[in-house]
Amino acid sequence: MSTGSAPYTQQQVTQGSEVYASKCAVCHGANLRGISAPALTRPGFGRSHLNASQLRSVVTPTMPLTAPGSLKPDDCAAVMAFLLSYDCV
């Protein structure tokens, strides 16, 4: 078994958690399980077959729903870090 390092920092995860709570949780839920938008964790999300780059290309121009494309690049990267860390990637 080999081990690698995560493609993000703990600081990004913390920032992403804060951005997610303020911009994303209203639709995707506090636990990423979805409310009025799809879940971002668990098997349903895994079956989307999107890699991190593809996911980012969807999120960047379309989220948050109330202000599409408004996330700053650092905030978008931080949210991606949070999503990846949530399922221990």
Side-chain angles (χ1 to χ4, degrees):
M1 178 176 164
S2 75
T3 56
S5 61
Y8 49 81
T9 65
Q10 186 56 49
Q11 181 180 0
Q12 285 176 305
V13 172
T14 300
Q15 177 186 351
S17 174
E18 293 167 1
V19 173
Y20 180 89
S22 69
K23 305 283 186 184
C24 313
V26 67
C27 295
H28 292 285
N31 294 320
L32 288 82
R33 293 190 179 165
I35 296 174
S36 61
L40 300 175
T41 188
R42 308 185 71 141
F45 183 64
R47 285 191 295 270
S48 71
H49 302 291
L50 295 174
N51 65 35
S53 177
Q54 292 166 326
L55 181 60
R56 190 174 194 282
S57 72
V58 170
V59 170
T60 301
T62 63
M63 295 294 134
L65 187 60
T66 57
S70 65
L71 288 178
K72 294 182 235 168
D74 285 350
D75 286 344
C76 189
V79 168
M80 293 296 300
F82 173 65
L83 293 178
L84 291 171
S85 73
Y86 198 86
D87 281 328
C88 301
V89 173

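Since this is a predicted model, take the numbers as computed values, not measurements.
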A.B. asks: Nearest 0.5 Å, what's the CG-CZ distance between Leu40 and Phe82?
C.D. replies: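 One finds 9.5 Å between CG of Leu40 and CZ of Phe82.
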A.B. asks: Could you pull out the closest heavy-atom pair between Ala21 and Ala25, with the gap in Å?
C.D. replies: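 Scanning both residues completely, I find the closest heavy atoms to be O-CB, 3.8 Å.
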A.B. asks: What's the separation between atom OG1 in Thr9 and atom CD in Gln15, rounded to the nearest 0.5 Å?
C.D. replies: 8.5 Å
A.B. asks: Side chains of Gln54 and Val58, heavy atoms from C-beta outward: is any pair under 4.5 Å?
C.D. replies: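 Side-chain contact under 4.5 Å: no.
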A.B. asks: Do Val26 and Leu32 share a hydrophobic cluster (ILVMFWY, side-chain heavy atoms under 4.5 Å, transitive)?
C.D. replies: no
A.B. asks: For Pro73 versus Arg56, what's the shortest heavy-atom pair and its separation?
C.D. replies: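 Shortest heavy-atom contact: O-NH2, 3.8 Å.
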A.B. asks: With the side chain counted from C-beta on, respond yes when Thr41 and Asn31 share a heavy-atom pair under 4.5 Å apart, and no when they do not.
C.D. replies: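 Not touching, per the 4.5 Å side-chain cut-off.
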A.B. asks: To the nearest 0.5 Å, how far apart are SG in Cys24 and CD1 in Ile35?
C.D. replies: 11.5 Å
A.B. asks: Could you measure the distance from the NE2 atom of His28 to the CG atom of Leu65? Nearest 0.5 Å is fine.
C.D. replies: 8.0 Å
A.B. asks: Where do Ala81 and Val13 come nearest, in terms of heavy atoms and distance?
C.D. replies: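 For Ala81 and Val13, the tightest heavy-atom pair comes out as O-CG2, 3.9 Å.
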A.B. asks: Can you tell me how far the CG atom of Leu71 sits from the OH atom of Tyr20, to the nearest 0.5 Å?
C.D. replies: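 The OH atom of Tyr20 is 12.5 Å from CG of Leu71, to the nearest 0.5 Å.
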A.B. asks: Give the minimum heavy-atom separation between Ser85 and Tyr8, together with the two atoms involved.
C.D. replies: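 Looks like CA-OH, 3.2 Å.
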A.B. asks: With rounding to the nearest 0.5 Å, note down the distance linking OG in Ser70 to CE in Met63.
C.D. replies: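 If we round to the nearest 0.5 Å, Ser70:OG and Met63:CE are 10.5 Å apart.
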